[in-house]
Protein chains: 2
Amino acid sequence: MSIDQSDEMSIGTLLFIAQRAFEEDIVAALHASGFEFTLAQGRLAARIAENGSRLTDLASAAGITKQSAAYLVNQLETAGLVSRHDDPHDARAQLVVLTAYGKQAQKEARKIEAGIEARWQKFLGEPEFLALKKQLLTLREQVDRHDPTH
Amino acid sequence: MSIDQSDEMSIGTLLFIAQRAFEEDIVAALHASGFEFTLAQGRLAARIAENGSRLTDLASAAGITKQSAAYLVNQLETAGLVSRHDDPHDARAQLVVLTAYGKQAQKEARKIEAGIEARWQKFLGEPEFLALKKQLLTLREQVDRHDPTH
DNA sequence: CCAAGTAGTAAGAGTCTCTGACTAAATAGT
DNA sequence: ACTATTTAGTCAGAGACTCTTACTACTTGG
């Protein structure tokens, strides 16, 4: 975000435009495929690990409070996309796990994502697209305070 | 946004992480400099042209409804960052213009932005950083439905 | 001059997020 | 073991942002 003119667009604004276009395309395509969820729900669901994730970890990964994460997990649960299970190793904790339906949504989301990436790769050229991803990955290592590898 | 594992991070998620880090850094730095505004206010203010912008154009550029834009402009006006003027060429329209204080905030925001960009450039290397910006700019031409050059 | 389109407002609801305060379980240091 | 601290999650309430629907006023193109 910035306060500047549109003809001197900052990298923040450029990231914003690309990022939102990506998200909107996914939500629209998922909607067209019969899956109904919101941006915030999707962002959280995207961070659920294969064998389940703790609420606190999801919140941290998504960069929101655990209260906000709980709100979203409740909605995903109501929608039948995730279920909660007690963590066998910690009686305080739960594991949020994708249901079969949730995994179906995940599969569809991945397919849609791959389609968008393929389209973008065509716009930019393959080497440029791969370079873009690589640079964003490098950037993430520097800026993501929730990066699990930190 | 996606539903996938963190170790197979999509470009959407990577864009999200970088974009949010950028915005959060700016808001935090502006706050430290004594300017108080929110992400949404800043995103809108960033799109106000030198000689003023119409509410509808701001809304379109920011990708929100004109009602939402009006809500944000009201807040920016209350905070003394912008003022509204009648458009001399169209009695229906207004021009939203940065006040002197708003321009001061703009100047500060640009300085902060430049600092973040410099830091990122150091992380990535200059040619890689410039390539990143160029690729994002190309992407914008393809995906931004609100691009004025479309 | 009239029909259609455009700029902006008004009211109200929905979504997402936060802060502050809390319970219960785990853990570290006596 | 016992206690203090930390961690996982919940509850309640408020605030920020956005949307939809409906409207007024002005402009523009026949």
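Residue numbers start from 1 in every chain, and the chains themselves are labelled A, B, ... in the order their sequence lines are given, proteins ahead of strands.
- Between the side chain of A:Q94 and the base of D:dT10 there is no donor-acceptor pair of N/O atoms closer than 3.5 Å.
- Atom CZ in B:R43 sits about 12 Å away from atom C1' in D:dA16, given to the nearest Å.
- For A:R92 and D:dT7, a side-chain-to-base donor-acceptor distance below 3.5 Å is present, hydrogens and geometry of angles not being considered.
- For A:H31, the NE2 atom counts as loosely surrounded, since its 6.0 Å shell holds 12 or fewer non-hydrogen atoms of other residues, nucleotides or ligands.
- Comment: B:R43 engages B:E23 in a salt bridge, judged by a side-chain N to carboxylate O separation of less than 4.0 angstrom.
- Atom CD of A:E77 is separated from atom P of D:dG9 by 13 Å (rounded to the nearest Å).
- We find that OH of A:Y71 is positioned 16 Å from P of D:dG13, with the value rounded to whole Å.
- Under the ring-ring contact (aromatic ring centres under 6.0 Å, His included) criterion, B:F35 pairs with B:Y101, not counting sequence neighbours.
- The separation between A:I64 atom CD1 and D:dG15 atom P is 21 Å, rounded to whole Å.
- Applying the side chain to side chain contact (heavy atoms under 4.5 Å, CB included) test between B:L136 and each of A:L15, A:L136, A:L124 identifies A:L15 as the sole match.
- One can place CZ of A:R54 at 13 Å from C1' of D:dT6, the figure rounded to the nearest angstrom.
- Along DNA chain C, the nucleotide nearest to B:N74 and the one nearest to A:Q75 differ in position, and the one closer to the 5' end is contacted by B:N74.
- Between B:L39 atom CG and D:dC17 atom C1' the separation is 11 Å, expressed in whole Å.
- For the pair A:A69 and A:H89, nearest-nucleotide mapping onto DNA chain C gives the more 5' position to A:A69.
- Between B:Q67 and D:dA22, a side-chain N or O to OP1/OP2 separation shorter than 4.0 Å is absent.
- As judged by a 4.0 angstrom heavy-atom cut-off over every strand, A:D87 is placed among residues making no nucleic acid contact.
- Taking 4.0 Å as the cutoff to heavy atoms of chain B, we find the contact window on DNA chain C bounded by C:dG5 to C:dA10.
- OP1 or OP2 of D:dC17 has not a single side-chain nitrogen or oxygen of B:S68 nearer than 4.0 Å.
- A salt bridge between A:D57 and A:R47 is absent, with no side-chain N of the basic residue lying under 4.0 Å from a carboxylate O of the acidic one.
- Bending across the helix from C:dC1-D:dG30 to C:dT30-D:dA1, expressed as the angle between its end axes from five pairs apiece, amounts to 40° (10° rounding).
- In this entry the distance linking NZ of A:K66 with C1' of D:dT6 reads 10 Å, nearest Å.
- Looking at B:Q41 and B:Q75, their side chains do bring a donor and an acceptor atom within 3.5 Å of each other.
- Both B:I26 and B:I17 are members of a single hydrophobic cluster when ILVMFWY side chains are connected at heavy-atom separations under 4.5 Å.
- One atom, CG of B:L55, and another, P of D:dT24, lie 20 Å apart when rounded to the nearest Å.
- For the OP1/OP2 pair of D:dA8 and a distance below 4.0 Å, the side-chain nitrogens and oxygens of A:R84 include no atom meeting the criterion.
- For A:D90 and A:R54, the salt-bridge test passes: some basic side-chain N is under 4.0 Å from an acidic carboxylate O.
- Of the charged side-chain nitrogens involved, none lies within less than 4.0 Å of a carboxylate oxygen, so that B:R92 and B:D87 do not count as a salt-bridged pair.
- The phosphate of D:dG9 has OP1 or OP2 within less than 4.0 Å of a side-chain N or O from A:T56.
- If you take CG on B:L55 and CG on B:L44, they are separated by 8.0 Å, rounding to the nearest 0.5 Å.
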